Amino acid sequence: MRANLDKNPHDVKSMFNAVAKHYDLMNFLASLGQEKFWRRATRRAVVTRPGMRVLDVAAGTGASAIEFVRAGAEVVAVDFSQGMIHEGQVRHPELDFQQADAMNLKFADNSFDAVTISFGLRNVADPDQALREFYRVLRPGGHLVVCEFSRPTWAPFRALYRFFLDAVLPPIARLASSDAVAYDYLTESILAWPSQYQFATHLRDAGFEHLQLRNLTGGIVALHRGYKLK
């Protein structure tokens with residue numbers, strides 16, 4: 001089972017249900033261990049303090065959300081896939097997991113101090129609608145952090161990364177994943193995603209201000225932060 005670039009919600013949900021059991025292991029192997037560094041950088045970008053409310057969207061098995069809990073925040077971890085939520089509840093029973101659609105969040109306006117999404121926005125059928133929802137549920141003064149695959153900034157490294165996606169990632173997926181075909185979509189969705197500065201325009205159009213960008217691992221991943229000021 002795999003999704004296509006039309007991001008049909010049923011296909012996306014079915015794909016993640018299928019890969020949920022080995023998802024974290026596959027992420028570690030496919031990133032050559034960099035995934036831990038990327039999530040640590042995301043945790044630092046989300047300015048947490050005891051008692052603040054954080055919404056972690058596309059939370060998967062809770063690998064990012066659990067770090068916010070340990071920092072003292074009140075965290076709601078939402079995901080589209082019931083399979084991912086089940087795995088997360090087994091691994092992190094202390095987390096508040098809820099099933100939710102990023103394009104239609106069932107939370108009131110101005111509910112959270114921070115919203116974060118890691119490696120999930122490019123899987124949403126309408127990312128701009130999701131960004132508008134993130135803006136809506138944020139309180140004035142709150143911030144959004146998006147950690148997503150992007151485009152290496154140095155051309156030779158970009159070519160090497162493309163070789164990795166085309167020639168190295170597929171054997172890793174066949175070895176470690178319960179559904180290796182699903183990871184063909186991973187490569188396609190990464191290559192189709194806008195560059196760092198293109199994506200920043202989407203954040204601005206959704207209403208976010210004081211935008212900040214940090215490239216990780218030479219731009220393989222980009223960390224964006226934006227604020228809701230009013």
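Predicted model only: the values in this text are computed from it and were never measured.
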* Given side chain to side chain contact (heavy atoms under 4.5 Å, CB included), test N104 with Q129 step by step and report yes or no. => CA-CA 8 Å; N104 184 25; Q129 172 61 22; over 6 Å; no
* To do: Taking only Lys NZ, Arg NE, NH1 and NH2, and the carboxylate oxygens of Asp or Glu, determine whether R53 and D113 approach each other closer than 4.0 Å.
  => no
* Asked: Is it true that a side-chain atom of H224 and a backbone atom of F199 form a donor plus acceptor pair closer than 3.5 Å?
  -> no
Please table the atom pairs, donor to acceptor, closer than 3.5 Å between any side-chain atom in residues 213-222 and protein atoms at least two apart or in another chain.
from	atom 1	to	atom 2	distance (Å)
N215	OD1	Q196	NE2	2.8
T217	OG1	Q34	OE1	2.9
T217	OG1	W38	NE1	2.8

* To do: Look only at the side chain of N4 and the backbone of D6, and say whether a donor-acceptor pair between them is shorter than 3.5 Å.
  => no
* Side-chain donor or acceptor of K228 paired with backbone N/O of Y135 under 3.5 Å -> yes
* Is the F80-F16 ring centre distance short of 6.0 angstrom? -> no
* Structure fact -> H92 meets the ring pair (Phe, Tyr, Trp, His ring centres under 6.0 Å) criterion, sequence neighbours left out, with none
* Asked: Is the number of heavy atoms from other residues, nucleotides or ligands under 6.0 Å of F37 CZ greater than 12?
  -> yes
* Asked: Is any side-chain heavy atom of L95 less than 4.5 Å from a side-chain heavy atom of D56?
  -> no
* Structure fact -> For residues 153-166, the salt bridge (charged side-chain N to carboxylate O under 4.0 Å, His left out) pairs (sequence neighbours left out) are R162-D166
* To do: State the OG-CD distance between S189 and E148, to the nearest 0.5 angstrom.
  => 7.5 Å
* To do: Consider only side-chain N and O atoms of D24 and T61, and report whether a donor and an acceptor are under 3.5 Å apart.
  => yes
* **Chi angles and distances behind the side-chain hydrogen bond (donor to acceptor under 3.5 Å, both in side chains) call for S195, R151** => CA-CA 6 Å; S195 69; R151 188 171 302 173; 4.6 Å; no
* To do: Keeping the roles fixed (side chain from N17, backbone from G83), state whether a donor-acceptor pair exists under 3.5 Å.
  => yes
* Taking the side chain from N8 and the backbone from D11, do they hold a donor-acceptor pair closer than 3.5 Å? -> yes
* Structure fact -> Heavy-atom closest pair (L211 atom, A200 atom, distance to 0.1 Å) is CD1-O, 3.5 Å
* Verify, without hydrogens or angle tests, whether T201 (side chain) and Q198 (backbone) share a donor-acceptor contact under 3.5 angstrom. => yes
* Minimum side-chain heavy-atom gap H202-D205 below 4.5 Å -> no
* Would you call F163 and V168 a side-chain contact if the rule is heavy atoms closer than 4.5 Å? -> yes
* Heavy-atom side-chain proximity of L165 to Y161 below 4.5 angstrom -> yes
* Which distance, rounded to the nearest 0.5 Å, do you find between the CZ of R40 and the CD of E35? -> 10.5 Å
* To do: Indicate yes or no: at least one non-hydrogen side-chain atom of L223 is less than 4.5 angstrom from one of R44.
  => no
* **Rounded distance [0.5 Å steps], NZ in K21 versus CD in E87** => 5.5 Å
* Looking only at atom types and distance, does a side-chain atom of R132 sit under 3.5 Å from a main-chain N or O of G207, one as donor and one as acceptor? -> no
* Asked: Testing V47, V146, T116, V46 for side chain to side chain contact (heavy atoms under 4.5 Å, CB included) with R225, which one passes?
  -> V47
* To do: Give, for atom OG of S81 and atom NE2 of H86, the distance between the pair rounded to the nearest 0.5 Å.
  => 11.0 Å
